[in-house]
Every structure is written in structure tokens, then in C-alpha cells.
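Just the heavy atoms: all of them, side chains too, but no hydrogens, waters or symmetry mates, feed the values below. Everything quoted here is computed from the prediction, not taken from an experiment.
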Amino acid sequence: MHKSAIIVFPGSNCVAETERFLQATGRNPLMVWHNSSEFPEAELYVIPGGFSYGDYLRAGKLASMSPVLKELKQKSAEGRKIL
């Protein structure tokens with residue numbers, strides 16, 4: 001099991017900063033594209049905050065329909081940490 005995974009959506013903001021922070025805490029995150037067919041086991045899942053273009057392009061709405069959210073809901077039900 002990996003220590004952490006960062007979920008990356010098109011237009012996500014602060015991905016690099018989130019990655020550097022997790023590396024500094026020894027969590028060495030995996031980067032997971034939002035529609036990846038493989039979802040890793042991890043202690044902590046992080047969705048970086050905001051979208052670099054606001055939500056004018058409806059990036060937040062599109063992200064809410066991504067298959068990865070179903071996986072994250074399942075992980076949450078299992079007691080995994082999601083930030």
C-alpha cells in the first residue's frame with residue numbers, strides 16, 4: 001500500500017505544491033489521473049484545491065462525474081483519509 005495518492009483533474013490547481021508538501025512529509029505520493037483505469041491503495045488520498053480557470057469551464061461539474069469519485073467514496077466508507 002502506498003502512503004499517499006494525488007488525484008489530478010484537468011485544470012487542477014496546486015498539484016505541484018501538494019506533491020512537494022507530501023514528499024516533504026515522507027509520503028511520496030503517486031499521481032493518479034482522474035479517469036485512470038487503475039486506482040491505487042493508499043493511506044491518504046488528496047484532491048488539490050481549486051481549478052486554475054475557476055469554474056467558468058465547468059471543470060468542477062465535470063470532475064464530479066469522474067469515475068474516480070466513486071472509488072474515493074468507497075475508500076472513504078472503508079475509513080481511508082481523503083483531503
dist Gln74:CD -> Phe39:CZ (nearest 0.5 Å) comes out at 9.0 Å

State yes or no: do Trp33 and Val46 share one hydrophobic cluster built from I, L, V, M, F, W and Y residues joined by side-chain heavy-atom distances below 4.5 Å, directly or via other members?
-> yes

Considering all heavy atoms of both residues, which atom of Leu44 and which atom of Ile82 are nearest to each other, and what is their separation?
-> CD1-N, 4.4 Å

Listed by chain and number, what are the side chain to side chain contact (heavy atoms under 4.5 Å, CB included) partners of Glu38, not counting sequence neighbours?
-> Ser36

Step by step, would you call Phe9 with Val68 a side-chain contact (heavy atoms from CB on, under 4.5 Å)?
-> CA-CA 10 Å; Phe9 291 92; Val68 75; 3.7 Å; yes

Smallest separation among heavy atoms of Ser66 and Asn35, with atom names = OG-N, 4.4 Å

If we only count heavy atoms from C-beta on, is the Pro48 to Ile6 side-chain gap below 4.5 Å?
-> yes

Do you know the tightest heavy-atom contact between Pro40 and Tyr45?
-> O-OH, 2.7 Å

Give, for atom CD of Glu41 and atom CZ of Arg80, the distance between the pair rounded to the nearest 0.5 Å.
-> 4.5 Å

In a table with atom names and distances, give each donor-acceptor pair under 3.5 Å that connects a side chain of residues 14-31 to protein atoms at least two apart or in another chain.
{"residue": "Thr18", "atom": "OG1", "partner": "Cys14", "partner atom": "O", "Å": "2.7"}
{"residue": "Thr25", "atom": "OG1", "partner": "Leu22", "partner atom": "O", "Å": "2.9"}
{"residue": "Arg27", "atom": "NH1", "partner": "Lys3", "partner atom": "O", "Å": "3.1"}
{"residue": "Arg27", "atom": "NH1", "partner": "Glu43", "partner atom": "OE1", "Å": "3.3"}

Ile47 versus Leu72: any side-chain heavy-atom pair under 4.5 Å?
-> yes

